[in-house]
Each structure stands twice: as C-alpha cells, then as structure tokens.
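All figures in this text were calculated on a predicted structure; none of them were measured in a lab.
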Amino acid sequence: MATEQEPVLGIDLGTTNSACAVVRDGRASVVRRGDDRIIPSVVAAMADGRWMVGTRAKKRRSVDPTNVIYSSKRLIGRRFGSPEVVEMRQRVPYKILEGKNEAIMIEAGGKVVSAVEVGAHVLTYLRQMAEEALGRRVRRSVIAVPANFTDSQRSATRIAARLAGLDVIRVINEPTAAALAYGYIEDTDRVIAVYDFGGGTFDVTILQITRNVFEVLATSGEMFLGGDDIDEVILRLMANAFSQQRGVAVQDNPVALERLRAVAEQVKIQLSTQSSASVHVEEVLPGQRSDLDFTLREEDLQPYIEPIIRRTIPVCQDALRCAGLSPHQVDEIVLVGGTTRLPLVRSIVEETFGKKPQTSINPMSVVAVGAAIQGAALMGSLVPMADGGVSAPTTGSSAVLLDVVPRSLGIHTLGGYVDFIIERNSAIPLEQTRMFTTTTDNQRYVRIQVCQGEDEVFENNLKLGELVLSGLRDAPRGEVTVAVTFEINADGLLEVRAMDKETGQQQVASMRVLGGLDDQEIEQLATRMASAGIPSSGGTIVPR
Amino acid sequence: MATPDDLRAHVLSLQEGLERMTYYEFLGVRPSSDYVAIRDAYYDRAQRLHPDRFVSFGAGSLQRSAYTVYKRISEAFSVLSDPQLRVAYDEARLRGAHRLDDVARARRRSPQERQISNNFARIYYRAAVGKLERGLLRAAWIDTQLGLSLEDAPGLRELESRILEDPEGPVALQEETIA
C-alpha cells in the first residue's frame, strides 16, 4: 500500500516561486503550509544571523533589499563570468561575488554564501514543510529542472538537494513533469507544447509522446521575460497615479517603488480572475500622509502588456521550427507558471497554436505534481492515470521518460577548436569513448578542457571545466594511450572515466567543474547548513 | 504483462550478448527492417528496459546490468536510425564487427550541419550534399526541399541557391518537371 511506503517529494524549485507535492493514497497532492501552496524562492539574511525563507523573506525586499536573495536559480551552477551572471549583477540589489574556481558567491547579512547554499535553504524549507504536513520524515525526492539546464546546473541543483537532506532519485525536466501531471501517457501518440511563463523566465518545450515514451523534441526560451515585466508595467502605472494624486514624483524613490511593487503583483493576480482591480496602499512614502487609491481595468492594462506577452510568440515559433512541426501538429498545450493565468496570455497562446490550452491543473503547482507522480511511478508503487490520479501497480504501463542531451559536449583541440564527442539531441543515457595519447616522454598527466555548446570555436561555448587524467605510467611519448569514456547518465549528468589501453588499468579521471564545488567544500556547506536554523510552522497537505 | 522475473531474465540475456549481438539483434529487428520498424522496436525496448524501470529494485547488480544494456539499446538506435551510420555499420558488420566503433559513431558534423537542430532535416542536408557532389542536381534539390520543409536552416538555404546557380541547375529541374 502507498501509505506504508515512504513518500517521494516532487519538487519544483522555481526562479520566482517553488512548490512541492506528494502522491498519497493514490492521489497527487500539493503540500501546503497554512494557506500557502506556493513558496517564494526568496531567502533573507536576518540581523541575528538566521535565514528566513519564503513569503516572509520576500516581504523584506521592501525594507532590506540588499540582504534579500531572490532569483538565485539564475545563478546556480553558472560561472561568475557568464553573460547571465553579468546581467544579474546589474539587476539585483544584493551583492554577487566571485568565489574559488569561478563559483558564484552572494553576500548577505555580512556573510558570504554560495548560490548552491541559497537553493539548499529553499529546498530545506520545502522538505520541512512536507514533513510537517505528512507527519513523517521525507528523504527521497524527484526534482524538476528546466529542459535546457546544463550539466553544471543540474549537478549544482542535485548538490543543493543533498545539502537540504534530500536524496534525489531522479532529476526530471520541468515540461516533462507538467505533461506527466496531465497524465498524457495513454496509448495515443501526442505532441505537447509546454508553455511556461513564470515570474522571471519564459520557456517553451515541445514534447513527443510515442507509446508512453517521452521525448523532448525542442526547447526554446527567453532568460529575462516573465510576470516581473508585467508587475513593472503596473508599478509604473501606480507611480504615475500617485504623482497625479499627491503631486509628488516617486519614480526615482527606491523605497516607495519597492512598496508599490509588492502591491503591483497583487493587482496582476486580481486581474487574472476579475476584469478590474482596486487597491489601497498606505504610506507609499514612509511616515508621510501618502496613501494611494488605485484602480486598474483589464482593458486599460492590455495595451501595455500585450507587447510583452507577444514576445513569447517568436520563441514558440522557434521551438516549433526546431522540432520540425507546424502549430496545428501540436495536440495539446500545457500551461505552467503564474503568468499564464492572465486571460490575455491564454488568448495569445490560443492564437499562436490555433487551439485552447489545458487549464485544469493549477499552473503554479503542475510541475511539482508531475514530479511527485514520477516519483511514485519510479518506486513502482503507483501508476499515473489520465485524470491525474494514480492506479494500482501494473508493471510496464507507466511513462518512461526518454530525454535527450540539450547541448553538444566537446573537448578543446589544437587551434582553439572543438572536437565534439556527444551530439546534441542524442537520447540518454549514452556513452562515447575517445583515445588520448601522451605527447612527451614520461608524461604523468593529461589535461582536457571540456565544453557544452554548438560553436566550432571552443571559447564561444560554455566551458564546463577541466578533466585531468593523472598517475600515468612512465613510457616514451606516444606509448601511453588512455581511453576516456564520457557518459551522460539517466539524470543528464556527465560522468567521466578513463582506462590505460595497454594495461587495462583504470586511471584517475577527475573533472573540475567550473563554478562548481569540490567534495570538501560541499562537506563544509553541509556542516554550515546543519547549524543554520530555518524557522518553521505547521503545514498541511491538500489535493491539488 | 512482464513480471519482475521476466524483466530480470530479459536483462541478463541481453547482457550476456553485449560482446556478440548485433544492433539488429539487440533491438530485435531484421537487417532489412525500415526506419519505422526500428523506431518501434526501440520504443518497445525503452518501455520495458529503461533504467527507470529498475529504480524500485534498489541499487545492485541488476540495476547496473540494466543500465549497461540500455546504453547499448540507445547506441543501437542512434546508429540504425541514421542512414549514413547504418551504412557504415552494415559494412563493419561484414568485417565481423557487432558494434560500430566510437570514432565512426562520433562522425564530425560540418558547421552547417551543426546549425540544423531537426534530426531529419540534418539527414536530408547530408544526403543532398552527397548527391550534389555526384552531380545529381534533381535528387539534391528534392532532399534540400524536404529538409527545408522541416527546418529553415541556413545550410539548406545555401544548398538551394547553389543548385539554382549551377549552370545545369535550372535545366535539370525543368527537365524533371516536364517528365
């Protein structure tokens, strides 16, 4: 029975918000704490040295912006010098620093923490929330990541989960999880477009399901396009309204803007279900009589946000083109992310694909639900059904996820070019072996630079790190040949092993991942995490 | 419906064949089977033997065996589903090989090919390049158009204009159209 087996926590660790779910008594349920099912992925450093996570941490953005870390998912597993991180450093009020090995560190509350640690705080919060709701220890998890996450991002997320006391039985792609939540595993072959419009990012993924096998055909996205852009528009409208009502400009007042920003999001949420939203904001300028009464009608907002939402159309077209499909060949459209609740988003999706999107599952928790269903399916206890429920085990009829490598993997060769070893879109797991020969007498080690990307020139790709083969035997040059096997495992993670061709001896192959952490650093983090308390309160679980 | 014992037996028999069975045997198809038959066989194997099916067995030797076996299934499909690699493999098989070696499998893609993300569009591109080299303008044109119907890639556009600019190009295309 399901109740006797330890539940597997399905986790959606989002850029803006996170959620988790479990399958219990044959049903997938979203974990809830109080009224909250969605936890802001925000971590605040408090003056007393503790960390605060979630809604309360998010509220601190307006009073203590430099010590509140948000959007840390944009940083996890990246190198300090990468363009995304450069962009982030300009956008966020907290301080991003360079750590050892090009790792990303964040300064908050007088402490310097790694991006992995920030993710671990959010995950710990989710785990504790689930444990309180279920009344038992939760260890196992299935964690969802964007389909285009690189090897370093996937492994960094795994480490964050480990630090949070979670054993990750599978890393799953977010769009795949969303499709699983809808139970698209019946006998019919289908093409599904997953339209994920979150707080800060937009992604569209085309999935093909053939006889219960899931394949990611294409994925495309915009790094900086999301609900935050819509909040920004509403914020501007509110600031203008305030200037008109009070005769004081607040467009350049950061404190007032932060106060209004929190309300702007509320206005957007109201407009997802109503045609008009009204709010009263007290003391926009702290300590002054400066209340704001603000009303916004959907039709007045539309001209401002339509251009933002229309930016998702070319991204959808790009994904379709990569998948070699036209819009009418898409059978279902699944919506993910809070922004997809806006009626205008739904109508633009309908216009783009020529059919109505699926809306029966809450787009804010659909990924967590799918991850939980996959967790239960992996443990062989339950089989998901089309209605989102789960049935008794019948081996062989649950979905198999057949993922592909999102980016090619290559190594540095003479002249600064790339020798591609694993091609993009190859089905995983897979392995490829390459031979490396010594070039000097008694050479003791070989260094190999590894990258991910599609460019012929090494430097134009994402550099993953350096592979070092050490402890080679003494021999004249050219006489030691090492066979190096690059393997992408079922989680999409790179593993490397090496063997001396002549002696059949296993060689030491260590991969130093740029922006990554070594085992010793992870140990230190684990100790630090154990001592940092995260406040908690009672939680419950509810059906999704 | 397969029982856990059937599953175990299936994995072990394939593992035993790792050093001797051909890709065709691994997927349970014939050397004459077409792409659709090979794809279906692969999906069928994936359904039954994917590593995810063995998570509940716990970490152990069966899980490792299943993983090794599945990697070979995946390799077999990647070779047999690619016309060029399949030809190379069939030649290697005549010389007694059961597996295509790593170097042959990791065939270098040209920069133009690399820009094409759709697998079938890339296959058409490669075929068109080969046919163009042999002066088969009409055949190259058809492959280019088939490729373009899947993906509007710069490499395919370039081929299209090369065919049109070829002094023989328009003639070859016209003749075929009349015929």
Counting heavy-atom pairs closer than 4.5 Å to chain A, which one of B:D40, B:I116, B:I73 comes out on top? B:D40
Heavy-atom cut-off 4.5 Å, strictly under: side chain, backbone, both or neither for B:A121 against chain A? neither
Side chains of B:K71 and A:L430 in contact at under 4.5 Å (non-hydrogen atoms): no
Rounded to the nearest 0.5 Å, how far does CG of B:D102 lie from OG1 of A:T485? 7.0 Å
I'd like to know if the side chain of B:D52 reaches the main chain of A:L378, judged simply by a donor and an acceptor atom lying under 3.5 Å from each other, with no hydrogens or angles considered. no
Given A:L217, A:D455, A:I428, A:N489, the one with more heavy-atom pairs under 4.5 angstrom with chain B than any other is A:N489
B:S74 (side chain) donor-acceptor with A:P429 (main chain) under 3.5 angstrom: yes
Might you confirm whether atom CD of B:E168 has over 12 heavy atoms from other residues, nucleotides or ligands at distances under 6.0 Å? no
In Å, rounded to the nearest 0.5 Å, how long is the span from CG of B:L150 to CZ of A:R321? 11.5 Å
Please check if atom CZ in A:R497 has more than 12 non-hydrogen atoms from other residues, nucleotides or ligands closer than 6.0 Å. yes
Considering only heavy atoms, which portion of B:Y67 lies under 4.5 Å from any heavy atom of chain A: side chain, backbone, both, or neither? side chain
Is there side-chain contact between A:E423 and B:S78, with heavy atoms separated by less than 4.5 Å? no
For A:I422, which atoms come within 4.5 Å of any heavy atom of chain B: side chain, backbone, both, or neither? neither
Spacing of A:I421 atom CD1 and B:R105 atom CZ [to the nearest 0.5 Å]: 12.0 Å
Between the CG atom in A:D189 and the OH atom in B:Y43, the distance rounded to the nearest 0.5 Å is 8.5 Å
With a 6.0 Å cut-off (strictly less than), is the heavy-atom count around CZ of B:R8, excluding the residue itself, greater than 12? no
Would you mind checking which part of A:S326 comes under 4.5 Å of any heavy atom in chain B, side chain (CB onward), backbone (N, CA, C, O), both or neither? neither
